Chemist: 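For reference, the structure I am asking about is given below.
Values below: every heavy atom of this structure, side chains too, minus hydrogens, waters and symmetry copies. Just so it is clear, the structure is predicted and the values come from calculations on it, not from any experiment.
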Number of protein chains: 2
Amino acid sequence: MAADPLSRVFAALADPTRRDMVARLAVTDSTVGELAEPYAVSVQAVSKHLRVLEDAGLVSRSRDAQRRPVHLEAEVLDLMTTWIERYRRQAEERYRRLDDVLASMPDDVAPTDVSPTHPTDVSPTQPTDVSPTHPTDATPPGGNPS
Amino acid sequence: MAADPLSRVFAALADPTRRDMVARLAVTDSTVGELAEPYAVSVQAVSKHLRVLEDAGLVSRSRDAQRRPVHLEAEVLDLMTTWIERYRRQAEERYRRLDDVLASMPDDVAPTDVSPTHPTDVSPTQPTDVSPTHPTDATPPGGNPS
DNA sequence: ACTGTTGTCAACCGTCTGGTTGAGGATGCC
DNA sequence: GGCATCCTCAACCAGACGGTTGACAACAGT
């Protein structure tokens with residue numbers, strides 16, 4: 001199990017069954033048994049998948065007698081969206097600038113990669129989240145998984 | 001290696017080193033050696049990571065003599081964003097409706113989960129992407145990885 | 001109390017993953 | 001040509017992962 005929250009969340013959604021369960025939980029809370037029903041795997045396997053989702057903070061489990069209603073903690077998805085959008089925007093701005101440079105110059109000169117002209121405070125030129133001691137990623141806002 | 005594109009992309013970003021490389025590539029294209037430099041792992045390990053990113057469609061590698069400039073295919077990130085936003089919005093609408101119901105009723109009646117009152121065409125009540133034969137997820141728009 | 005339902009834990013298994021070392025090809029410089 | 005630089009491939013390894021079966025606890029109905 002990866003230690004940092006972002007890795008946990010991405011890893012949790014790397015499995016199609018888990019992704020499908022998240023999609024269904026977006027529609028309505030469900031018990032473990034209900035979640036397991038459409039899949040050709042055992043309930044134990046589904047319980048295991050839910051453990052992964054819970055440890056990633058993506059779902060929470062409550063009790064209703066012997067049933068375990070599962071609830072999607074949708075705001076945890078923001079963790080990923082924030083990360084993705086941050087770097088996607090950055091890259092696309094750069095590519096747009098490269099397109100502009102290409103459009104404004106003769107055909108026989110090829111420019112090199114257009115880097116930012118001044119370092120920004122989001123520049124990840126130093127590794128930011130591969131520190132082996134403690135990752136600097138934000139904790140999931142959904143609360144403490146287990 | 002997972003077969004479907006979404007699983008590949010999520011899995012690719014589940015590793016902090018790979019995530020960091022993507023973040024750095026958002027700023028500027030880099031060679032394998034440049035990407036490897038800040039990490040306490042071998043160049044071979046980094047090359048392997050890049051293979052994963054390439055197979056997920058997130059990066060492309062070109063040739064410049066013996067160097068291998070690596071380019072981020074940022075639009076592939078949209079694959080994940082699209083998926084995430086779809087279900088996050090759905091869930092949050094549901095929770096908002098539940099909050100409204102709670103606000104409009106006496107304190108001694110607890111409602112059950114608020115499901116959509118009519119099925120929508122995005123309802124994932126049937127498994128959509130765990131079909132063992134062929135996943136229905138979209139192919140990465142960044143082109144064919146390898 | 002007995003039986004059925006629901007779900008988790010433990011152990012096991014085959015496969016995958018993130019790292020390693022060793023080898024070697026492509027390219028550039030002297 | 002010899003040497004340096006850059007990078008990939010292959011094989012190996014320990015640990016992780018997605019599945020299984022068996023066992024069992026909590027709960028509900030008769």
Side-chain angles (χ1 to χ4, degrees), chain A residues 1-4 6-22 25 29-56 59-71 127 129-132 135 145-146, chain B residues 1-4 7-22 29-56 59-71 127 129-132 135 145-146:
Chain A
M1 170 56 76
D4 70 282
L6 256 181
S7 299
R8 284 187 192 185
V9 175
F10 278 117
L13 294 179
D15 179 79
T17 302
R18 287 202 289 272
R19 211 161 48 244
D20 191 63
M21 285 195 275
V22 165
L25 288 168
D29 287 7
S30 312
T31 64
V32 176
E34 288 166 346
L35 285 170
E37 200 262 334
Y39 309 125
V41 295
S42 63
V43 174
Q44 292 92 318
V46 170
S47 182
K48 230 171 163 178
H49 279 307
L50 287 170
R51 169 96 274 166
V52 174
L53 291 171
E54 191 177 23
D55 287 347
V59 303
S60 57
R61 288 192 270 198
S62 53
R63 304 184 74 131
D64 173 26
Q66 67 271 39
R67 282 171 299 275
R68 297 292 177 276
V70 184
H71 177 76
D129 65 348
V130 288
S131 168
S146 84
Chain B
M1 171 57 77
D4 70 283
S7 299
R8 284 190 195 183
V9 175
F10 277 118
L13 293 179
D15 179 79
T17 302
R18 288 201 288 271
R19 211 160 51 242
D20 190 64
M21 285 195 277
V22 165
D29 286 6
S30 310
T31 64
V32 176
E34 289 166 346
L35 285 170
E37 201 263 335
Y39 309 124
V41 295
S42 62
V43 174
Q44 292 93 317
V46 169
S47 183
K48 227 170 162 178
H49 279 307
L50 288 170
R51 169 96 277 168
V52 174
L53 291 171
E54 191 178 22
D55 288 348
V59 303
S60 56
R61 285 191 271 197
S62 53
R63 304 185 73 130
D64 174 26
Q66 67 271 38
R67 282 172 299 276
R68 296 293 177 276
V70 184
H71 178 75
D129 65 347
V130 289
S131 168
S146 84

Chemist: Once you round it to whole Å, what is the distance between C1' of D/dA28 and CZ of A/Arg68?
Modeler: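 In whole Å, D/dA28 C1' lies 14 Å from A/Arg68 CZ.
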Chemist: Which whole-number value in Å describes the distance from A/Leu50 CG to C/dG7 P?
Modeler: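 So the two atoms are 10 Å apart, to the nearest Å.
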Chemist: Between the base of C/dG18 and the side chain of B/Gln44, is there any donor-acceptor pair under 3.5 Å?
Modeler: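 When only heavy-atom distances are counted, B/Gln44 does not reach the base of C/dG18 through any donor-acceptor pair under 3.5 Å.
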Chemist: Among the candidates D/dG18, D/dT8, C/dC9, find the nucleotide nearest to the side-chain atoms of A/Arg51.
Modeler: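 So the side chain of A/Arg51 is nearest to C/dC9.
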Chemist: Counting the atoms with a prime plus P, OP1 and OP2 as sugar-phosphate, which does B/Ala45 contact under 4.0 Å by heavy atoms, base, sugar-phosphate, or nothing?
Modeler: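 Base, at least one base atom sits under 4.0 Å.
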Chemist: Is there a donor-acceptor pair closer than 3.5 Å between any side-chain N or O of B/Glu34 and the backbone N or O of B/Thr31?
Modeler: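 A pair under 3.5 Å: yes.
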Chemist: How many Å lie between CZ on B/Arg63 and P on C/dG28, as a whole number?
Modeler: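 Atom CZ in B/Arg63 sits about 11 Å away from atom P in C/dG28.
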Chemist: On DNA chain D, nearest-nucleotide positions of B/Gly33 versus A/Ser42: which is more 5'?
Modeler: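 Here B/Gly33 is the residue nearer the 5' end.
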Chemist: Using heavy-atom distances to pick each residue's nearest nucleotide on DNA chain D, tell me which of B/Val46 and A/Arg67 is more 5'.
Modeler: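 The residue whose closest nucleotide sits nearer the 5' end is B/Val46.
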Chemist: Measure CD/A/Gln66 against C1'/C/dG4 and give the value in whole Å, please.
Modeler: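 Distance, rounded to whole Å: 10 Å.
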Chemist: Is there side-chain contact between A/Leu35 and A/Ser30, with at least one heavy-atom pair below 4.5 Å?
Modeler: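 With C-beta onward as the side chain, the pair touches.
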Chemist: Given atom CD of A/Glu54 and atom P of C/dG7, what is their separation to the nearest angstrom?
Modeler: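 Going from A/Glu54 (CD) to C/dG7 (P), I get 14 Å.
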Chemist: In whole angstroms, how far is the P atom of D/dC7 from the CE atom of B/Met21?
Modeler: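 Spelled out: CE on B/Met21 to P on D/dC7 is 13 Å.
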Chemist: Rounding to an integer number of Å, can you tell me how far A/Asp55 CG sits from C/dC9 P?
Modeler: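 These atoms are roughly 10 Å apart.
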Chemist: Quick check against the 3.5 Å criterion: does A/Arg19 have a side-chain atom that pairs as donor or acceptor with the backbone of A/Leu13?
Modeler: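 Confirmed, A/Arg19 side chain pairs with A/Leu13 backbone.
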Chemist: Atom CZ of B/Phe10 and atom C1' of D/dC17: how far apart are they, to the nearest Å?
Modeler: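 Those two atoms, CZ and C1', are 18 Å apart.
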Chemist: With side-chain hydrogen bond (donor to acceptor under 3.5 Å, both in side chains) as the test, pick out the partner of A/His49 among A/Glu54, A/Gln44, A/Arg18.
Modeler: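 Between A/His49 and the candidates, side-chain hydrogen bond (donor to acceptor under 3.5 Å, both in side chains) is satisfied uniquely by A/Arg18.
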Chemist: Below the 4.0 Å mark, does D/dC7 have OP1 or OP2 next to a side-chain nitrogen or oxygen of B/Ser47?
Modeler: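 For D/dC7, neither OP1 nor OP2 has a side-chain N or O of B/Ser47 closer than 4.0 Å.
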Chemist: Is a salt bridge present between A/Arg8 and A/Asp4, judged by a nitrogen-to-oxygen distance below 4.0 Å?
Modeler: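 Not counted as a salt bridge, because no side-chain N and carboxylate O are separated by less than 4.0 Å.
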Chemist: Give a yes/no on whether any side-chain N or O of B/Thr31 is located under 4.0 angstrom from OP1 or OP2 of D/dC7.
Modeler: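 Yes, B/Thr31 has a side-chain N/O under 4.0 Å of OP1/OP2 on D/dC7.
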Chemist: For D/dT8, take OP1 and OP2 only and decide whether either is under 4.0 Å from a side-chain N or O of B/Arg61.
Modeler: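 For D/dT8, OP1 or OP2 has a side-chain N or O of B/Arg61 closer than 4.0 Å.
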